[in-house]
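As a basis for the values below, the full set of heavy atoms in this structure was taken, side chains included, without hydrogen atoms, waters or symmetry mates.
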Amino acid sequence: MKKFVYTKENLRRMQNIELEMLRELDSICRKNQISYIIDGGTLLGAVRHGGFIPWDDDVDVRMLRKDYERFCKICETQLSQDYFLQTYQTDPGYRWGYARILKNGTIYKRKGQHKMTARNGIFIDIFPDDNLPDAWIPNKICTCLSWICRKILYSEVGALNKSNFCSWLGFQILNILPKEWGHKGMEYLSSKYQNMDTKRVRCFAWGSKQETKGFLKKWHMETTQIQFEGLTVWAPKDIHGFLTYSFGKDYMTLPPKEKRVPRHTVTYLGFAEKSK
């Protein structure tokens with residue numbers, strides 16, 4: 001099989017499909033008074049490029065847990081039939097602790113994930129943010145437990161792809177455990193801290209350095225509107241603070257040319273017949 005290569009044409013075509021799904025998400029949220037903010041490279045692209053970073057290959061959205069749960073429930077009846085809301089409740093083969101909206105009829109195959117049984121397609125990510133304890137000991141316990149849960153969920157992929165023997169062996173052992181243990185662990189953390197008045201929140205299902213430290217809750221509570229590819233979407237009011245925290249003070253500076261490439265390694269990309 002010929003090796004897949006991103007081109008300006010197929011990358012832009014994928015971005016347009018992701019934009020469709022972001023528009024659908026925004027429409028549902030506005031109709032039902034659900035709060036969200038665009039996140040990561042999506043927000044950076046809106047500020048620096050007025051839309052997608054030219055070489056970006058995904059869309060990221062964050063919601064506080066209560067809004068995330070409402071959104072998932074409402075999608076059961078209001079999400080267009082062109083799309084599928086993918087969570088571990090709607091797709092038994094799905095292993096991640098956050099939701100995705102998939103475009104039906106499309107194919108998106110990630111390198112190293114070919115044996116996963118989850119439904120497949122071009123998608124956007126929706127990350128649920130839960131309260132993160134402010135006190136040092138509960139914070140570290142929470143961080144440790146969420147790390148274990150993520151490793152259990154990732155073990156199917158890690159067992160296939162890690163070249164380091166110790167990592168490979170560790171994931172082989174973790175992969176024996178039911179993936180439900182990972183999901184249940186994250187549900188426990190979410191419910192344990194849901195009534196806490198904390199300064200920071202985080203997505204337990206994601207493990208970046210910034211995620212581990214947590215995001216200021218006020219970035220969810222104090223929002224503004226911003227243009228993304230001509231679509232008006234929601235963002236933290238303190239955009240500079242959010243982007244500085246996420247990417248550093250020089251976030252407006254373009255990376256070197258060799259780093260201006262999609263960050264996900266794809267082996268096959270297929271488009272629905274009606275997508276343009």
Side-chain angles (χ1 to χ4, degrees), residues 21-48 50-51 58-75 78 85 87 97-101 124-136 138-140 142-143 146 186-229 231-249 251-252:
M21 292 185 280
L22 180 59
R23 182 176 286 108
E24 176 77 2
L25 178 146
D26 176 76
S27 176
I28 291 173
C29 288
R30 290 180 187 273
K31 181 179 178 180
N32 296 278
Q33 293 80 51
I34 295 173
S35 296
Y36 75 88
I37 54 173
I38 56 174
D39 179 36
T42 307
L43 179 58
L44 177 59
V47 172
R48 198 170 66 190
D58 66 357
V59 167
D60 296 325
V61 170
R62 304 181 81 93
M63 296 179 183
L64 290 175
R65 172 64 66 173
K66 59 182 178 61
D67 293 302
Y68 174 86
E69 297 292 351
R70 283 189 63 221
F71 178 81
C72 291
K73 182 65 178 178
I74 288 170
C75 279
Q78 294 188 21
L85 183 75
T87 68
Y98 49 87
R100 284 176 171 170
I101 296 178
I124 64 174
D125 287 322
I126 309 166
F127 298 106
D129 272 344
D130 290 296
N131 290 328
L132 182 64
D134 296 319
W136 190 85
N139 182 291
K140 296 307 176 185
C142 177
T143 298
S146 64
M186 289 186 187
E187 289 176 2
Y188 167 78
L189 291 174
S190 176
S191 62
K192 182 175 179 61
Y193 304 117
Q194 64 180 345
N195 295 320
M196 267 189 184
D197 182 18
T198 63
K199 183 179 179 181
R200 293 181 180 270
V201 295
R202 68 161 296 178
C203 177
F204 293 126
W206 198 251
S208 70
K209 178 176 66 175
Q210 292 81 6
E211 202 75 60
T212 300
K213 292 191 298 182
F215 289 79
L216 292 176
K217 189 183 291 185
K218 73 173 186 177
W219 288 333
H220 277 286
M221 310 303 293
E222 301 170 7
T223 58
T224 187
Q225 297 188 89
I226 190 172
Q227 292 294 302
F228 184 87
E229 300 287 344
L231 175 66
T232 303
V233 294
W234 291 98
K237 187 175 182 179
D238 180 17
I239 290 177
H240 176 70
F242 189 97
L243 290 178
T244 299
Y245 182 74
S246 299
F247 299 103
K249 294 181 179 179
Y251 61 82
M252 291 298 288

Sequence-distant partners of Arg23, salt bridge (charged side-chain N to carboxylate O under 4.0 Å, His left out), two or more places apart:
none
Given Asn32 and Gln78, is the side-chain contact (heavy atoms from CB on, under 4.5 Å) satisfied, shown in steps?
CA-CA 10 Å; Asn32 296 278; Gln78 294 188 21; 2.9 Å; yes
For a 4.5 angstrom cut-off between non-hydrogen side-chain atoms, does Cys29 reach Asp67?
no
Under 4.5 Å between any side-chain heavy atoms of Thr42 and Val61, yes or no?
no
Gln225 versus Val233: any side-chain heavy-atom pair under 4.5 Å?
no
As an exercise, state the distance from CZ of Arg65 to OH of Tyr193, rounded to the nearest 0.5 Å.
14.0 Å
As an exercise, state the distance from CG of Asp26 to CZ of Phe228, rounded to the nearest 0.5 Å.
12.0 Å
Would you please name every residue forming a side chain to side chain contact (heavy atoms under 4.5 Å, CB included) with Glu187, sequence neighbours left out?
Tyr88, Gln89, Lys184
Can you sort out the partners of Tyr68 under ring pair (Phe, Tyr, Trp, His ring centres under 6.0 Å), two or more places apart, ordered by chain and number?
none
Just verifying a value: how many Å separate Leu22 CG and Ile126 CD1, rounded to the nearest 0.5 Å?
9.5 Å
Got a sec, which residues hit side chain to side chain donor-acceptor pair (under 3.5 Å) with Asp58, two or more places apart in sequence or on another chain?
Arg263
Which residues share a salt bridge (charged side-chain N to carboxylate O under 4.0 Å, His left out) with Arg202, sequence neighbours left out
none
What are the two closest non-hydrogen atoms of Met21 and Ile101, and how far apart are they?
SD-O, 3.2 Å
Lys73: salt bridge (charged side-chain N to carboxylate O under 4.0 Å, His left out) partners, not counting sequence neighbours:
Glu76
How about NZ on Lys217, more than 12 heavy atoms from neighbouring residues, nucleotides or ligands closer than 6.0 Å, or not?
yes
Do you know which two heavy atoms are closest between Pro236 and Thr224, and how far apart they sit?
O-CG2, 3.6 Å
Is there side-chain contact between Met252 and Leu243, with at least one heavy-atom pair below 4.5 Å?
no
What's the shortest heavy-atom distance between Asn195 and Asn131, and which atoms?
N-ND2, 4.4 Å
Partners of Phe215 by ring pair (Phe, Tyr, Trp, His ring centres under 6.0 Å), sequence neighbours excluded?
Phe242, Tyr245
Under 3.5 Å, side chain of Thr143 to main-chain N/O of Asn139, donor-acceptor pair present?
yes
Taking 4.0 angstrom as the limit, do Asp129 and Arg62 come out as a salt bridge?
yes
For a quick test of reading the model, state the closest non-hydrogen atom pair linking Ile38 to Ala46 and the distance between them.
CD1-CB, 4.1 Å
Considering residues at least two apart in sequence or located in another chain, which fulfil the side chain to side chain contact (heavy atoms under 4.5 Å, CB included) criterion with Glu24?
Ile28, Leu79, Ser80, Tyr83
When rounded to the nearest 0.5 angstrom, what is the spacing between CG in Leu132 and OG1 in Thr198?
6.5 Å
Could you tell me if the side chain of Leu25 sits less than 4.5 Å from the side chain of Val59, heavy atoms only?
no
How close do Tyr251 and His240 get, counting heavy atoms only, and between which atoms?
OH-ND1, 2.9 Å
Mind checking the CE-OG spacing from Met63 to Ser35? Nearest 0.5 Å is all I need.
9.0 Å
Minimum side-chain heavy-atom gap Gln194-Asp130 below 4.5 Å:
no
Using side chain to side chain donor-acceptor pair (under 3.5 Å) as the criterion, list what pairs up with Arg70, not counting sequence neighbours.
none
Holding to salt bridge (charged side-chain N to carboxylate O under 4.0 Å, His left out), I want the full list of residues that pass it with Glu222, two or more places apart in sequence or in another chain.
none
Backbone of Gly50 reached by a side-chain donor or acceptor of Gln227 within 3.5 Å:
no
Among Phe127, Phe204, Phe71, exactly one meets ring-ring contact (aromatic ring centres under 6.0 Å, His included) together with Tyr98. Which residue is that?
Phe127
Taking side chain to side chain donor-acceptor pair (under 3.5 Å) as the test, write out the residues that go with Gln210, two or more places apart.
none
Value rounded to 0.5 Å, distance of OG1 in Thr223 from CG in Asp238:
12.0 Å
Could you pull out all residues at least two apart from Gln33 that satisfy side chain to side chain donor-acceptor pair (under 3.5 Å)?
none
Where do Cys72 and Thr87 come nearest, in terms of heavy atoms and distance?
SG-CG2, 4.3 Å
Give a yes or no on whether Met196 atom CE has more than 12 heavy-atom contacts from other residues, nucleotides or ligands under 6.0 Å away.
yes
